[in-house]
Amino acid sequence: MLRVRFAPSPTGFLHVGSARTFIFNWLFARHHRGTMILRVDDTDVGRNTEASLNSIFDGLRWLGLGWDEEYRQSERLALHREMAQAIFAKDLAYRDFTPAGAADTERSGEHGTWLFPPGMRELSRAESDRRAASGEPFALRFRVPRESGRVIHFEDGVFGEQSKSTADIEDFALLRSDGMPTYHLASCADDADLRISDIIRGQDHITNTFKHIQIFEAAGVEPPRFAHLPLLVAPDGAKLSKRKHGPVVSVTTYRDAGFLPHAFLNFLCLLGWSPKNDRERMPLVELTLAFTLEGINRSNAVVNFSEADPFDPKAVWLNAETIRGMGPGALAEALTPFVTRAGFEVSPAKMALITPLIQERIRLLSEVTTVGDFFFAKQLAPYDAAELIPQKGDAAMAARALEKGAAVLATAEFRHDPLEQALRAASVELGIKAGQMFQPVRVAVCGRKNAPPLFGTLEALGRETCLERIGQALEKLKTI
RNA sequence: GGCGCUAUCGUCUAACGGUUAGGACAGAGCCCUCUCAAGGCUUAAAUACGGGUUCGAUUCCCGUUAGCGCUACCA
């Protein structure tokens, strides 16, 4: 039975890179009818926060994929210590009494770092036991074979054959001096206990894998298969980070900006993975069917955002496409929270009228209040009266069009087709082009030149509002 | 510094060693049209560099350069 896990540590919000790792694991699990496990890697008690945990769960729930089993590392400490003890018992680990951080200064010299703490590796067992018994704190370090010249090998599901000499691997810690397991130990102990068959994680772990394989071997466990994912980077090439790149690296930022979960997920899938058949917009089932490790490439992918444009244009396009593909009812429902959040009230009936008018004009759900603000606002935002003047016309023409428009709208049946007929007829009567008739009316009711189709807009706005706004526009015209 | 990884249009990517190096987004232009969108058509845009191997390299090998990652008692 294939088992994979996603193992976030609750030390920050859910990162887009983490979200992608989750999605790829999920797709891999579903593709192979395996089990998806969520494991919270919370052994760094100093850095864990409740807010972070919430952010991660919020983000994952928003994605809507779900998982089959859930664990928390902090509840499994006994298991981790047991494994550490077993490794220590085989003398494959040793106590390091160097005070935490004390070696940092000497190790950060010109030419890098040492592979193991001076003196500690060679400490006799008797001496080690004596100091431990006296209560002196110590970290437990893995004893990487030094003289053997051994080379660790593994076959990476994405990067292929990997190898590294043990001579280049430092004696990493298993247990901290407070007794808490480190990531390496806890992760391996849990992966072994949970019978994880495939570890799919970021490429930043590729060098850690050589350590992990040694832990599995020391514990007498068959290591799982590994596959590493290329990293998501910013346009400057650096790994995405909150400090450097701001909220664009958080999944909740995308949610709050009005991305649909599937569009976001679809976008992430296209970063570093390809179905190799030119397909881009894909429903979940297709993604699940198509997803293989072979489709993952090896170079980092740029998330193409900027200060001017906080979201990758491709993500935005995918979202716009997804919005266009939605049924009007579902879209109206998705849009409503964004309307109310902006401080407007709207009835479901009016929302049903507005939605088709803006459906292909918004790329993000949040744009409902920028593209369609005039549908919701009681008062139109101030606009330049000159906008009312049609092409090849003047203020007088605008005034005639508006007066005629008001007259027509006062009696017309307020539905799309009758409105169009009435307004077209009005333009003929005035001896002006249809566009010269529509333009002043559009600006009068919308407050701007670029707006959704006029007749549907008038219908959604209703007679009273339209007439009121045309009246205001006529007043405005007098100021020219 | 050491170790590891990577390198095709601006970005995401495709191409059994043989293609006019394909697609998508973004850009430009045209068409459609009540404006804006959407849609349709067209267009510009790439194999980092240098050596091999080969009849033939985007593709295989080596080197250079550049970038990234790891080098914590973080994960």
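Predicted, not measured: the structure shown is a model, and the values here were computed from it. Throughout, a chain's letter reflects where its sequence line sits, starting with A, and its residues are numbered from 1.
With both ends at atom P, the span from B:C41 to B:G23 equals 12 Å, rounded to whole Å. Only the P atoms considered, B:U35 is 27 Å distant from B:U43, to the nearest whole Å. Separation of the C1' atoms belonging to B:U42 and B:C34 is 26 Å when rounded to the nearest angstrom. The separation of B:A48 from B:C55, taken at their C1' atoms, amounts to 27 Å, rounded to a whole angstrom. The same atom, P, is picked in B:U8 and in B:U47; the two are 11 Å apart, to the nearest Å. One P atom belongs to B:U6, the other to B:A14, and the distance between them is 15 Å to the nearest Å. Distance check on atom P: B:G56 versus B:U19 gives 14 Å, rounded to whole Å. Comparing the P positions of B:C49 and B:U58 gives an interatomic distance of 10 Å, to the nearest angstrom.
Annotation: cation-pi pair A:K433/A:F438 absent, no NZ/CZ under 6.0 Å from the ring centroid and within 45° of its normal. Judged by the 6.0 Å distance and 45° axis criteria, A:R39 is not positioned over the aromatic ring of A:Y71. Remark: A:R141 fails to qualify as a cation-pi partner of A:Y94 under the 6.0 Å distance and 45° angle criteria applied to the six-membered ring.
In this structure, A:Q162 reaches the sugar-phosphate backbone alone: every heavy-atom distance under 4.0 Å involves primed, P, OP1 or OP2 atoms, never a base. Residue A:P137 is classed as having no contact, given no heavy-atom separation below 4.0 Å to the nucleic acid. A:F455 comes within contact range of at least one nucleobase, with a heavy-atom separation under 4.0 Å. If you check every strand for non-hydrogen atoms under 4.0 Å, A:H228 touches nothing. The residue A:R298 sits close only to the backbone: its heavy atoms come under 4.0 Å of sugar-phosphate atoms, none of a base. A:K239 comes within contact range of the sugar-phosphate backbone alone, with a heavy-atom separation under 4.0 Å but no base atom that close. As judged by a 4.0 angstrom heavy-atom cut-off over every strand, A:L231 is placed among residues touching the sugar-phosphate backbone only. Looking at heavy-atom distances under 4.0 Å, A:S187 makes no contact with the nucleic acid at all.
In the set B:A75, B:U35, B:C34, B:U35 carries the atom at the smallest distance from any side-chain atom of A:N450.
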Give the C-alpha distance, both sets of side-chain angles, the deciding distance and a yes or no for ring pair (Phe, Tyr, Trp, His ring centres under 6.0 Å) between A:F267 and A:Y254.
CA-CA 12 Å; A:F267 167 67; A:Y254 286 78; 7.2 Å; no
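Ring centroids of A:F305 and A:F311 are separated by 6.0 Å or more, keeping the two rings apart. In this structure, A:W67 has its ring center no closer than 6.0 Å to that of A:F6. Checked against the 6.0 Å centroid criterion, the rings of A:H228 and A:F159 do not qualify as a close aromatic pair.
Side-chain atoms of A:H153 and A:E161 form a donor-acceptor pair, as typed in the model, at a separation below 3.5 Å. A donor atom on one side chain and an acceptor atom on the other are found under 3.5 Å apart for A:R201 and A:T209. Judged purely by distance below 3.5 Å, without hydrogens or angles, the side chains of A:H212 and A:H184 pair a donor atom with an acceptor atom. Judged purely by distance below 3.5 Å, without hydrogens or angles, the side chains of A:R150 and A:T166 never pair a donor atom with an acceptor atom.
Taking only side-chain nitrogens and oxygens, A:K449 never comes nearer than 4.0 Å to OP1 or OP2 of B:C34.
Comparing A:R442 and A:Q203 along RNA chain B, the residue whose closest nucleotide (by nearest heavy atom) sits nearer the 5' end is A:Q203. With the nearest nucleotide of RNA chain B identified for both A:D236 and A:K164, A:K164 has the one nearer the 5' end.
Atom CG of A:N208 is separated from atom P of B:U71 by 6 Å (rounded to the nearest Å). Between the CZ atom of A:R424 and the P atom of B:U33 there is a distance of 11 Å, given to the nearest Å. To the nearest angstrom, P of B:G2 lies 21 Å from CG of A:D171. Taking atom CZ of residue A:R201 and atom P of nucleotide B:C70, one finds them 13 Å apart after rounding to whole Å. Look at CD on A:Q436: it is 16 Å from C1' on B:U33, rounded to the nearest Å. For the pair A:K211 NZ and B:A75 P, the computed distance is 11 Å after rounding to whole Å. Put simply, CZ on A:R72 is 16 Å from P on B:A75, counting in whole angstrom units. The separation between A:H212 atom NE2 and B:C70 atom C1' is 11 Å, rounded to whole Å.
Under a 4.0 Å N-O distance rule, the pair A:D96/A:R121 does not qualify as a salt bridge.
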Restricting both atoms to N or O, compile the protein contacts to nucleotides 28-30 of chain B shorter than 3.5 Å, with distance only.
none

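Using N1 to N3 plus N6-O4 or O6-N4 for Watson-Crick, or N1-O2 and O6-N3 for G-U wobble, each under 3.5 Å, B:C3 pairs with B:G69. In this structure, B:C30 and B:G40 make a Watson-Crick or G-U wobble pair, each of the two defining distances being under 3.5 angstrom. The partner of B:C49, taking Watson-Crick or G-U wobble pairs whose two distances both stay under 3.5 Å, is B:G63. B:C16: no Watson-Crick or G-U partner with both key distances under 3.5 Å is found in any strand. Nucleotide B:A21 forms a pair with no other nucleotide shown, judged by Watson-Crick or G-U wobble geometry with both contacts under 3.5 Å.
Residue side chain A:S177 reaches the base of B:C73 through a donor-acceptor N/O pair under 3.5 Å, judged by distance alone.
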What string of B, S and - do you get for nucleotides 37-43 of chain B, 5' to 3', when a contact is any protein heavy atom under 4.0 Å?
BSS----
Nucleotides 10-22 of chain B: protein proximity per nucleotide (B base, S sugar-phosphate only, - neither; heavy atom, under 4.0 Å)
-SBSSS------B
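Between the CZ atom of A:F88 and the OG atom of A:S128 there is a distance of 5.0 Å, given to the nearest 0.5 Å.
Contact of the A:M282 side chain with the A:L270 side chain is registered, since non-hydrogen atoms from C-beta on lie closer than 4.5 Å.
Summarising the local packing, CZ of A:R324 is surrounded by more than 12 heavy atoms from other residues, nucleotides or ligands at distances under 6.0 Å.
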